[in-house]
Amino acid sequence: MARFRSDFLNVLSTRGFLQDCSDPEGLDARLAGGIVTAYAGFDATAPSLHAGHLTQIMLLSWFQETGHRPIALMGGGTTKVGDPTGKEEMRKLLSDADIAANIASIRGTFGRILDFGGGPTGAILVNNADWLDELKYIPFLRDVGRHFTVNRMLTFDSVKLRLEREQPFSFLEFNYMILQAYDFVELYRRAGCTLQVGGSDQWGNIVNGIDLARRMVEAELFGLTSPLLTTASGRKMGKTEKGAVWLNADMLSPYEFWQYWRNVDDADVEMLLKRFTRLPLDEVARLAALGGAEINEAKKILADEVTALVHSRAEADAARKAAEETFEAGGAAAGLPSVDVPRAELETGIGALALFVRAGLAASNGEARRLVQGGGARVNDAPLTDEKTVLGPADLNADGAIKLSAGKKKHALVRAV
């Protein structure tokens, strides 16, 4: 039996998206009564969003699929301030040009997952710089700042933790929660937005927006949060040895992206299938129940679906094919991540350890040496046993590349240019 009247909240509750909600009964009634507009905010601190953002993007997608209108808010204004939530120090300040370039680079991700067509449920992409950049300081303090008490602001974790650790907390960052709250009010005015969604670490900021709207415009707004992306053991997900699991192909290849989801822990498969695929829940349950080696098939389906969602079905198919060629057929797999080296340099010879580092398969020569000594290094699928090996043109395979492998799951191609 459904827990809620609205399809959206039922999806959230059954797929593990729902953590906190400001007024579940009131929001449920509002959602069941007609089209609602909701937003999630994304600051433009990098040229790409990462796996941690996928939860909110999928939440907006389900919101649209259940008959409502989503807004993806780009933080062109708030990025200039920097969200202090969970940070031990102030973010690096970006120039206007950097922020604009990041927003342009990020746009494509939303376009692949949300429908920006016309109609009452067509998604909207907005930039809070459109209104934040136009604010005048003194009027803003009088109209908005007077609704916030420093006493209450000091109780929020983003502030309290930094102060307890005696880490610097700038006045610039102190304003972030006020600006985010004002975003909610402005989106209510401009687009009739009555719901803000975010990760659980944003709960305080969301509640601030609800309270500010009540005080400034006497509006009843709602907020809900979803759990952060963590493993079953509580460890934060979305990181690899090379860094974040980026959603842009120019920052993390579709093959490497596919491999990340293919290699998640068994205990996390069900949660990830629920959250990042549109597979029916009975199919999710069937896949999650697979035991032993069969769970690997569930992981491949997970990798296929998430890669298709973020990149395309063609990229997902190519990534799986490359993996099958690499792991099952022992081929070079053209879809593997690759690194280019000058042909002249290769002709003089490059130490194998250094090449493993340049290919991103080891963090240092020492780590590469330990990989060789432990029997985990391979060159063109043959074990590398001598750490002093020098590789050159003679090691290029029929595809014109040198295939390097670190263990069974990490591979790269070295190409001469």
Side-chain angles (χ1 to χ4, degrees), residues 6-12 15 17-18 21 27 30-79 99-100 102-132 180 183-199 202 206 209 221-226 246-249 275-278 305-313 315:
S6 62
D7 291 339
F8 178 61
L9 289 184
N10 279 319
V11 167
L12 263 57
R15 288 188 172 264
F17 283 100
L18 188 58
C21 184
L27 178 59
R30 186 73 64 88
L31 291 165
I35 296 173
V36 172
T37 299
Y39 92 94
F42 306 85
D43 279 345
T45 55
S48 171
L49 300 178
H50 54 71
H53 294 112
L54 258 185
T55 296
Q56 301 313 316
I57 300 175
M58 280 301 291
L59 198 153
L60 291 180
S61 177
W62 280 114
F63 189 68
Q64 184 173 46
E65 194 161 317
T66 53
H68 302 284
R69 181 173 67 159
I71 298 177
L73 173 68
M74 292 306 307
T78 43
T79 301
I99 294 171
N102 288 347
I103 291 174
S105 180
I106 289 169
R107 285 177 184 271
T109 295
F110 294 114
R112 286 187 290 274
I113 300 176
L114 301 176
D115 179 5
F116 285 87
T121 64
I124 303 171
L125 186 69
V126 298
N127 184 345
N128 63 14
D130 291 347
W131 55 86
L132 294 182
Q180 182 170 330
D183 280 344
F184 203 175
V185 174
E186 193 66 25
L187 286 173
Y188 170 76
R189 287 169 167 166
R190 291 172 176 243
C193 180
T194 54
L195 172 63
Q196 181 182 175
V197 300
Q202 294 296 314
I206 292 173
L221 305 186
F222 302 89
L224 65 83
T225 63
S226 53
W246 300 109
L247 306 188
N248 279 24
R275 195 179 292 194
F276 296 142
T277 79
R278 294 189 176 91
E305 294 303 310
V306 183
T307 305
L309 176 79
V310 172
H311 295 292
S312 70
R313 183 61 65 181
E315 291 285 10

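What you are looking at is a predicted structure, and each value in this text was computed from that prediction instead of being measured.
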Leu195 side, atom CG; Leu31 side, atom CG - distance, nearest 0.5 Å: 7.0 Å
Stepwise side-chain contact (heavy atoms from CB on, under 4.5 Å) check, Met58 with His53: CA-CA 9 Å; Met58 280 301 291; His53 294 112; over 6 Å; no
Shortest non-hydrogen separation from Pro120 to Ile35 and the atoms involved: CB-CD1, 3.6 Å
With Thr37 via side-chain contact (heavy atoms from CB on, under 4.5 Å) - residues at least two apart: Arg69, Ile71, Cys193
From Glu186 atom CD to Leu73 atom CG, the distance as rounded to the nearest 0.5 Å: 11.0 Å
Expected output: side-chain Asp183 to main-chain Asn128 donor-acceptor under 3.5 Å: no
Distance flag, aromatic centroids of Phe110 and Phe42, threshold under 6.0 Å: yes
From CA spacing to verdict: side-chain contact (heavy atoms from CB on, under 4.5 Å), Val197, Phe63: CA-CA 10 Å; Val197 300; Phe63 189 68; over 6 Å; no
Contact summary for Ile206 and Gly223, nearest pair of heavy atoms: CG2-CA, 3.6 Å
Spatial distance of atom CG (Leu49) from atom CD1 (Ile57) [nearest 0.5 Å]: 5.0 Å
Least distance between heavy atoms, Ile103 atom then Ala44 atom: CG1-CB, 3.6 Å
Approximate separation, where rounding is to 0.5 Å, of Arg275 CZ and Arg15 CZ: 12.0 Å
Side chains of Thr45 and Asn102, donor plus acceptor under 3.5 Å: no
Validation row: Ser6, Thr66 side chains within 4.5 angstrom (heavy atoms): no
Side chain to side chain contact (heavy atoms under 4.5 Å, CB included) partner of Cys21, chosen from Leu12, Leu224, Thr225: Leu224
With Ser61 via side-chain contact (heavy atoms from CB on, under 4.5 Å) - residues at least two apart: Ile113, Leu114, Arg278
Ser226 side chain near Leu59 side chain, heavy-atom distance below 4.5 Å: yes
CZ on Phe276 to OG1 on Thr55, rounded to 0.5 Å: 3.5 Å
Heavy-atom closest pair, residues Ser105 and Pro47: OG-O, 2.6 Å
Validation row: Leu54, Val306 side chains within 4.5 angstrom (heavy atoms): yes
Sole candidate of Val126, Leu125, Asp130 that passes side chain to side chain contact (heavy atoms under 4.5 Å, CB included) when paired with Met74: Leu125
All salt bridge (charged side-chain N to carboxylate O under 4.0 Å, His left out) counterparts of Arg112, not counting sequence neighbours: none
Heavy-atom pair of closest approach, residues Tyr39 and Gln180: OH-O, 3.8 Å
Separation of Gln196 CD from Leu221 CG (nearest 0.5 Å): 9.5 Å
Heavy-atom check, side chain of His68 versus side chain of Thr121, under 4.5 Å: no
